[in-house]
Every structure is written in structure tokens, then in C-alpha cells.
Student: 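Questions regarding the structure given below will be posed in turn.
Every heavy atom of this structure was used, including side-chain atoms; hydrogens, water molecules and symmetry mates were not. Letters A, B, ... are given to chains in the order of the sequence lines, protein chains preceding strands, and every chain is numbered from 1.
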Amino acid sequence: MRNRFDDTNPAKEEEEYVQSIIDNVKWLGFDWEDRLFFASDYFDQMYEYAIQLIKAGKAYVDDLPADQITEFRGTLTQPGKNSPYRDRSIEENLNLFQRMKTGEFPDGQKVLRAKIDMAHPNLNMRDPVMYRILHASHHRTGDRWCIYPMYDWAHGLEDSIERITHSICTLEFENHRPLYDWFLDALGVYHPQQIEFARLNLTYTVMSKRLLFQLVEEGHVAGWDDPRLPTISGMRRRGYSPSSIRAFCKRIGVAKFNSMVDFEFLEHNIREDLNKTSPRFMGVLRPLKIVIENYSDQQTEELEAVNNPEEPARGTRKIPFSKTLFIEQDDFMENPPKDYYRLTVGREVRLRYAYFIKCLEVIKKDGRPVELRCSYDPATKGGYAPDGRKVKSTIHWVSMSHAVPAEVRLYDRLFTIADPVGQKGMDFKEFLNPQSLEVLRDCRIEPAMKTLKPFERFQFERLGYFCVDPDTTKDNLVLNRTVELRSSWTKLQKQRRKNQEPFNT
RNA sequence: AGCCCCGUAGUGCAGCGGUUAGCACAAGAGACUCUGGAUCUCUAGACACCAGUUCGAAUCUGGUCGGGGCUGCCA
């Protein structure tokens, strides 16, 4: 494969973007080795081709100002009018074009146009502009040029020069294909085939460069790599793996139909990959203190935990256990519904890889549980009951004195509705989800995680997949939630909420 | 309105003249489980419509309806 940038417009090409595109595409897993090209590599050749067209009487220099060109183009239903400069002699065109190149004219005073048909039903064929004058410095050619080719003129030439067999692009270029073909045929050069396909749309987000740019510029997100954005750098920072993104793309396929893929399908592919590859850890996002009354004050034990049940070869690690622990606030309920399996007063549950514990008493402050008094069964060490008794659930925990603090950023969909762009007469930003980011600063995680580096991915048991954010510093470990684990419990709750809504008023 | 493109389960794709119209996700039911995860089993669900061609049409033709794109010296 090769990588080519269509850098035909000096005003819109910035080194910064070029480099980040290169970095991101490489990260995604593509390697073009030394085959990195730019449209600007072919500027000389394109200039020669333009002269060839002029000599064939198929291109002319137009003096009409921009607004007049627009006016003369006509409309969707009305044909355009010929420019008064359309029938200049070949010699005059050659002379003028040469002088455009040497910088004799200011920006916008003249353009080179293809001589096709001002009455053509396809607007793109009404004498399209091939070259415009721009006294601007180009990031690769510097000040060598003051005329720059238009994309439509340049694109087919680049493909032809590189002898591409098929040139794929997005649907909005369908109407440009006749022009692509016309230029190549007029020149009589090698003619690749342009094929268009639909761009990807995802629910609950926006995909267009223009719209993403607005979100970044106006500060609705923290930057191009904000983990809520569907940019490659955003997905990377969110913790998506390259292989899962590739698997997703492969499965959604390509079509010529403007479709909208469920965001959940992306998440499915992420989970599928991360489930197989992520090491497991335990971390408590919203801590609730519990004290094991019949466990000795002084004692600490090292308990063995599996690193990845999907891949036993990854081995095990030790987790410290002691009298005072943290569990997740959600894992305790004083008055639980019937189908709640977790901890409640008088019920026994398993602490993962540790012991069976029973809750004896809740200590509350201002009506909220702040501490649980529990007992444990020493015979259940490691989480197995020798007498074969069952427990309804297994919950995660960390030892209070051993745990490491961390900041955890939880992400939710960027928009509150599936298609924020498709709402007639409404600005897509009206549908931004104010809760798309939630920051938890009082999380506690198991000590083995101290060595994790930025971008490392892992699973917090029962919570989801996470990764280390590059904002991490020596004293502040920052973690991003990539995606939650599927959970029949949260699903049930969502259903319940939905079913109640209509009756709520 | 002129030109171009597109219509297959809720979603995304496959199907290229003869298939019980296939796959994945989502949905529903169950099994299993030291993650309410993973895994496994099962269920429901679609060819936009109308003509025509043909022994036979989701597939070919025409029309209707519906969706999208196009009036930058942007790409």
C-alpha cells in the first residue's frame, strides 16, 4: 500500500495535520514503508498537462472574478452562460497561463478553466476551475508556486501518474467522476477507475471533519484526542485497540448506501478483542468501607488471582487482603429488590479470590451507608466453600491500607440522540450529552497496577475495560473507562426505568 | 426543479435467474459460571410498491414511492 496526501491547497495543509494522520494511520496498523507521496510531488507534471490541454483547445484562462464565475455557472435547473473570455486564442491562453505561474497577477485575478460545457446538467462539468492563483507558501514546495491545482484536476492525474488501478473515495464525489474521466480522456493518459463508497456514520456521534472541528474549536471537548471523539487519536486514548477497530470495519463492510451503524456494534467489537487480551485487576470506583470483625487486626494475607481467565498462560498474581476493605457502593443495598444478588444485611457473598463474607450490620450517616460490619468464613479461603454451599454473587474489593488511589474518567455517549445531525432545523450541538464525562477522584485500585504505563489496557473485574490516560503523573494515576462490561443487571435496570417512565408523572 | 446515486429483519452486510433468502450485532428464552462478564443452545424477525420478461425474479426491464448527494477559485 501507499499513502498519498492531496496537498493541493496551501491554505489548508498544515504540517501538524500531516504528521498526525501519519501517526494515527500507522497506529491503526498500516505500513506503506517508503511509499509516502504528495500531490505536490507532481506539480511540474500537472503544469505540463495543463499546457497540453490548452494546446488542444480544451482549457482557457478566465478573467471573470469569483462571484461572476458563480453567477455564470447557472443553477441546478438553469444552464450557465459562457464567459466572455472563453474563446481566447491558444497563444493568448498559453501566454497568460505562463504569466499566472510567474506571479504577474494577484490572487483571484485569473483562473485556468477546462472548456467543457456551460449547459451541462452536471454542475461540475460547467467549465470547472483547474488552477487558481494563491500567493501562499506551501508546506512542501515553499514559495516555488503561486498557482495551485484544484482537487478535481489534480486527483485523476495523481492516480494516473502512480498507475493506480482503482481509486476509491466517498459518495459525494460521484458527481465528480465524469470530470475525473473527462480530464484523463482529454489528455489521453492512463485511466484508473474511480469507485465511490459510503462513509461510515455511527449513532450518538458525528463523523464529519467539519463538525468535529467545531467541537474541538469551541471547546466542547478537550481536543482532537478527547476519548469521547470518534477520531483515531480519541479512540486510541479511550482504549480501543487497533485490531478491534479493524475487525469492526471489516464487519460493517462497504456500500453505496448512506447507512448508520449502531455504536453498540463498535463496542461489541472492542469488548470481543479486549476480553481476550486484557489482564484483569480489581479496582473500586466508589468505595464503601467494610470491616471483617472476626479477622485479626494485625494479619495480612496474599491471595492468588488469575490474570486472564481467557488465557491461563498469563498466570496469576498476589493481592493483599486485610481486616479493612473497600467494596463498591453499588454492591451493597439495604433494601434490595428480589433479583439483587449482591450484599445486604444477613446475606453471604464471595469476595473474589478471597473469602465468603456475611454482612452483619450497616453503619449509616445521614441515611447513607458509610461502613459495613461483616464476618468471614476462614474455611472459604481462595473463594471455595469446602461444604459446597453456594453464594449468589461474587464481588470485587481492595484492601484499604494497601490500595492505591486513582482518578477514573467515565465516558458516555457524546450525544443524547442517535442522529444529532439529522434533526431538521436544529443545531447538532443542542444534543450534546452534558453527562458524557464523569470524573471520579476517590477510586482505589490494587497495588499491582502501580507499574502500568500510559495507553496500557486492562479490565477491572465486573466493571469494564479501562486504560491508562497520558494525563497520568507520578502522584496522580488517571484511568479512562473504555467500555463497560455487558451486564444483564444494568440491562434489567434500564428496562425497568424505561417501563416506568410513562407512568411517572 | 435538473443531474447523479441508493432501497434485503431493529441495525450493518451477503445473496449476481432455481437457496427452507445467509451472517453479525441488537432483542427474547434457557444452560453454565468464583466477573450479573465470557461461553453454549434455542426463538422471533426482511426482499419498498406495481407492472413486464421468463417454466421460474430479491436478482433482468419499465414505472411509482421513499432516502441521499450536487449550484467553493475546499477536499
Student: Considering only NZ, NE, NH1 and NH2 on the basic side and carboxylate oxygens on the acidic side, decide whether A:D127 and A:K81 come within less than 4.0 Å.
Tutor: no
Student: Closest to the A:T8 side chain: B:rA75, B:rA26, B:rC6?
Tutor: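 Per side-chain heavy atoms of A:T8, the pick is B:rA75.
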Student: Could you tell me whether A:K381 and A:E301 have a side-chain N and a carboxylate O separated by less than 4.0 Å?
Tutor: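 Looking at A:E301 together with A:K381, the answer is yes, because their closest N to O distance falls below 4.0 Å.
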Student: Which nucleotide in the list B:rA75, B:rA24, B:rA27 gets nearest to the side chain of A:R251?
Tutor: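 Of all the options, the side chain of A:R251 is nearest to B:rA24.
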Student: Give one of base, sugar-phosphate or nothing for A:P79, where a contact means two heavy atoms less than 4.0 Å apart.
Tutor: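 Result for A:P79 = nothing.
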Student: Select from A:R350 and A:H268 the residue whose nearest nucleotide in RNA chain B is closer to the 5' end of that strand.
Tutor: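 With A:R350 and A:H268 compared, the 5'-side residue is A:H268.
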Student: Between A:F321 and A:Y376, what is the ring plane arrangement, given parallel below 30°, perpendicular above 60°, and tilted in between?
Tutor: tilted
Student: Considering only the C1' atoms, how many Å lie between B:rA44 and B:rC25, rounded to the nearest integer?
Tutor: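 Per the computed distance, 16 Å lies between those C1' atoms.
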Student: Considering only B:rG12, B:rC6, B:rA1, which nucleotide approaches the side chain of A:T77 most closely?
Tutor: B:rA1
Student: Using Watson-Crick or G-U wobble geometry with both distances below 3.5 Å, tell me the partner of B:rC55, or none.
Tutor: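 B:rC55 is paired, partner B:rG18.
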Student: Under a 3.5 Å limit for both distances, which nucleotide forms a Watson-Crick or G-U wobble pair with B:rC40, could you say?
Tutor: B:rG30
Student: What distance, rounded to whole Å, do you find between the two C1' atoms, one in B:rG37 and one in B:rC23?
Tutor: 25 Å
Student: Looking across every strand, which nucleic acid part, if any, lies under 4.0 Å from A:Y384 by heavy atom: base, sugar-phosphate, or nothing?
Tutor: base
Student: I want to verify the glycosidic state of B:rG72; is it syn or anti under the 90° rule?
Tutor: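 Classified syn.
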Student: Does A:R140 qualify as a cation-pi partner of A:F38, given the criterion of NZ or CZ under 6.0 Å from the six-membered ring centre and within 45 degrees of its axis?
Tutor: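 Positive - A:R140 is close enough to the ring of A:F38 and near enough to its axis.
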Student: For B:rC25, give the paired nucleotide (Watson-Crick: N1-N3 plus N6-O4 or O6-N4; G-U: N1-O2 and O6-N3; both under 3.5 Å), or none.
Tutor: B:rG10
Student: Name the nucleic acid region contacted by A:L200, choosing base, sugar-phosphate or nothing; use a 4.0 angstrom heavy-atom cut-off, strictly under.
Tutor: nothing
Student: Nearest whole angstrom, please: distance from the P of B:rC74 to the CH2 of A:W153.
Tutor: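 For the pair A:W153 CH2 and B:rC74 P, the rounded distance is 17 Å.
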Student: Looking at A:R199, does any N or O in its side chain come under 4.0 Å of the phosphate oxygens OP1/OP2 on B:rG69?
Tutor: no
Student: Heavy atoms under 4.0 Å, any strand shown: does A:I133 hit a base, just sugar-phosphate, or nothing?
Tutor: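 Touches nothing.
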Student: Quote, to the nearest angstrom, the C1' distance that separates B:rU54 from B:rC60.
Tutor: 10 Å
Student: From B:rA27, B:rC70, B:rA75, pick the nucleotide closest to the side chain of A:Q495?
Tutor: B:rA27
Student: Report yes if a side-chain nitrogen or oxygen of A:K491 is closer than 4.0 Å to either non-bridging phosphate oxygen (OP1 or OP2) of B:rG28; otherwise report no.
Tutor: yes
Student: Between A:Y180 (OH) and B:rC5 (P), how many Å, whole number?
Tutor: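 The distance from OH of A:Y180 to P of B:rC5 comes to 18 Å, rounded to the nearest Å.
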Student: Could you measure between the two P atoms, the one in B:rU19 and the one in B:rA57, and give it in whole Å?
Tutor: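 Taking atom P in both B:rU19 and B:rA57, they lie 10 Å apart.
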Student: Can you check whether A:T75 has a side-chain N or O nearer than 4.0 Å to OP1 or OP2 of B:rG2?
Tutor: no
Student: At under 4.0 Å between heavy atoms, what does A:F173 touch on the DNA or RNA strands: base, sugar-phosphate, or nothing?
Tutor: base
Student: Could you tell me whether A:V111 contacts a base, only the sugar-phosphate backbone, or nothing, with contacts defined as non-hydrogen atoms closer than 4.0 Å?
Tutor: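 Answer is base: heavy atoms of A:V111 come under 4.0 Å of a base.
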Student: Can you tell me which nucleotide in B:rG69, B:rU71, B:rG12 comes closest to the side chain of A:S259?
Tutor: B:rG12
Student: Go through it in stages, so that I can follow the logic: the residues are A:F197 and A:C169, the test is side-chain contact (heavy atoms from CB on, under 4.5 Å), and I'd like the CA-CA distance, side-chain angles, deciding distance and then a yes or no.
Tutor: CA-CA 6 Å; A:F197 62 92; A:C169 60; 5.6 Å; no
Student: Say we look at B:rG67 and B:rA48: how far apart would their C1' atoms be, to the nearest angstrom?
Tutor: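 Comparing C1' positions in B:rG67 and B:rA48 gives a spacing of 11 Å.
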Student: Look at the rings of A:H176 and A:F173 and say which category their plane angle falls in: under 30° parallel, 30 to 60° tilted, over 60° perpendicular.
Tutor: perpendicular
Student: Do you know which two heavy atoms are closest between A:N307 and A:R317, and how far apart they sit?
Tutor: OD1-NH1, 3.0 Å
Student: How is A:H120 classified with respect to the nucleic acid when contacts are heavy atoms under 4.0 Å: base, sugar-phosphate, or nothing?
Tutor: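 The residue A:H120 makes no contact with any strand.
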Student: If you find the nucleotide of RNA chain B closest to A:D67 and the one closest to A:K390, which residue's nucleotide is nearer the 5' end?
Tutor: A:K390
Student: Salt-bridge test for A:R177 and A:D152: reply yes if a basic N is under 4.0 Å from a carboxylate O, no otherwise.
Tutor: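 No, no charged N to carboxylate O under 4.0 Å.
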Student: Does the structure show a Watson-Crick or G-U wobble partner for B:rU35, both distances under 3.5 Å? Name it, or say none.
Tutor: none
Student: What interatomic distance, in whole Å, is found between C1' of B:rU43 and the corresponding atom of B:rA26?
Tutor: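 To the nearest whole Å, 15 Å.
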Student: A:N258 side chain: which of B:rU71, B:rG69, B:rG68 is closest?
Tutor: B:rG68
Student: For nucleotides 35-37 of chain B, tabulate all protein N/O to nucleotide N/O atom pairs closer than 3.5 Å, reporting atom names and distance.
Tutor:
{"from": "B:rU35", "atom 1": "O2", "to": "A:Q459", "atom 2": "OE1", "distance (Å)": "3.2"}
{"from": "B:rU35", "atom 1": "O2", "to": "A:R462", "atom 2": "N", "distance (Å)": "2.6"}
{"from": "B:rU35", "atom 1": "N3", "to": "A:Q459", "atom 2": "OE1", "distance (Å)": "2.7"}
{"from": "B:rU35", "atom 1": "O4", "to": "A:R280", "atom 2": "NH1", "distance (Å)": "2.3"}
{"from": "B:rG36", "atom 1": "OP1", "to": "A:R462", "atom 2": "NH1", "distance (Å)": "2.7"}
{"from": "B:rG36", "atom 1": "O3'", "to": "A:S488", "atom 2": "OG", "distance (Å)": "3.3"}
{"from": "B:rG36", "atom 1": "O2'", "to": "A:S487", "atom 2": "OG", "distance (Å)": "3.1"}
{"from": "B:rG36", "atom 1": "O2'", "to": "A:S488", "atom 2": "N", "distance (Å)": "3.3"}
{"from": "B:rG36", "atom 1": "N7", "to": "A:R342", "atom 2": "NH1", "distance (Å)": "2.7"}
{"from": "B:rG36", "atom 1": "O6", "to": "A:Y341", "atom 2": "N", "distance (Å)": "2.8"}
{"from": "B:rG36", "atom 1": "N1", "to": "A:D339", "atom 2": "O", "distance (Å)": "2.8"}
{"from": "B:rG36", "atom 1": "N2", "to": "A:D339", "atom 2": "O", "distance (Å)": "3.3"}
{"from": "B:rG36", "atom 1": "N2", "to": "A:Y341", "atom 2": "OH", "distance (Å)": "3.2"}
{"from": "B:rG37", "atom 1": "N2", "to": "A:E310", "atom 2": "OE2", "distance (Å)": "3.1"}

Student: How long is the span from the CD1 atom in A:I245 to the CG atom in A:N269, to the nearest 0.5 Å?
Tutor: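 If we round to the nearest 0.5 Å, A:I245:CD1 and A:N269:CG are 10.0 Å apart.
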Student: Whether A:T203 contacts B:rU11 is assessed here as follows: a side-chain N or O lying under 4.0 Å from the phosphate OP1 or OP2. Is that the case?
Tutor: no
Student: Out of B:rG72, B:rG10, B:rA26, which nucleotide sits closest to the side chain of A:D262?
Tutor: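 Between B:rG72, B:rG10, B:rA26, the one nearest the side chain of A:D262 would be B:rG10.
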Student: Side chain of A:L76 only, heavy atoms from C-beta on: which candidate in B:rC73, B:rC25, B:rG2 is closest?
Tutor: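 Within the option list, the nearest is B:rG2.
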Student: For the P atoms, the ones on B:rA21 and on B:rC16, what distance do you get once it is rounded to whole angstrom?
Tutor: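 Nearest-Å result for B:rA21 against B:rC16 at atom P: 13 Å.
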Student: Does OP1 or OP2 of B:rG69 have a side-chain N or O of A:R177 closer than 4.0 Å?
Tutor: no
Student: Looking at B:rG72, I'd like to know if its phosphate oxygens (OP1 or OP2) sit under 4.0 Å from a side-chain N or O belonging to A:R113.
Tutor: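 It does not, given that no N or O in the side chain of A:R113 lies less than 4.0 Å from OP1 or OP2 of B:rG72.
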Student: So that I can tick it off, tell me whether A:R199 and A:E172 are bridged by a salt bridge, with the cut-off set at under 4.0 angstrom between side-chain N and carboxylate O.
Tutor: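 Yes, charged N to carboxylate O under 4.0 Å.
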Student: NA contact type, A:F265, heavy-atom cut-off 4.0 Å: base, sugar-phosphate, or nothing?
Tutor: sugar-phosphate
Student: Give me the atom names and distance for the closest heavy-atom approach of A:L123 to A:T75.
Tutor: CD1-O, 3.9 Å
Student: Write down the partner of B:rG62 under the Watson-Crick or G-U wobble criteria, each distance required to be under 3.5 Å.
Tutor: B:rC50
Student: NA contact type, A:A255, heavy-atom cut-off 4.0 Å: base, sugar-phosphate, or nothing?
Tutor: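 Contact class for A:A255: sugar-phosphate only.
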Student: Work out how far the C1' atom of B:rC32 is from that of B:rG66, and round it to whole angstrom.
Tutor: 47 Å
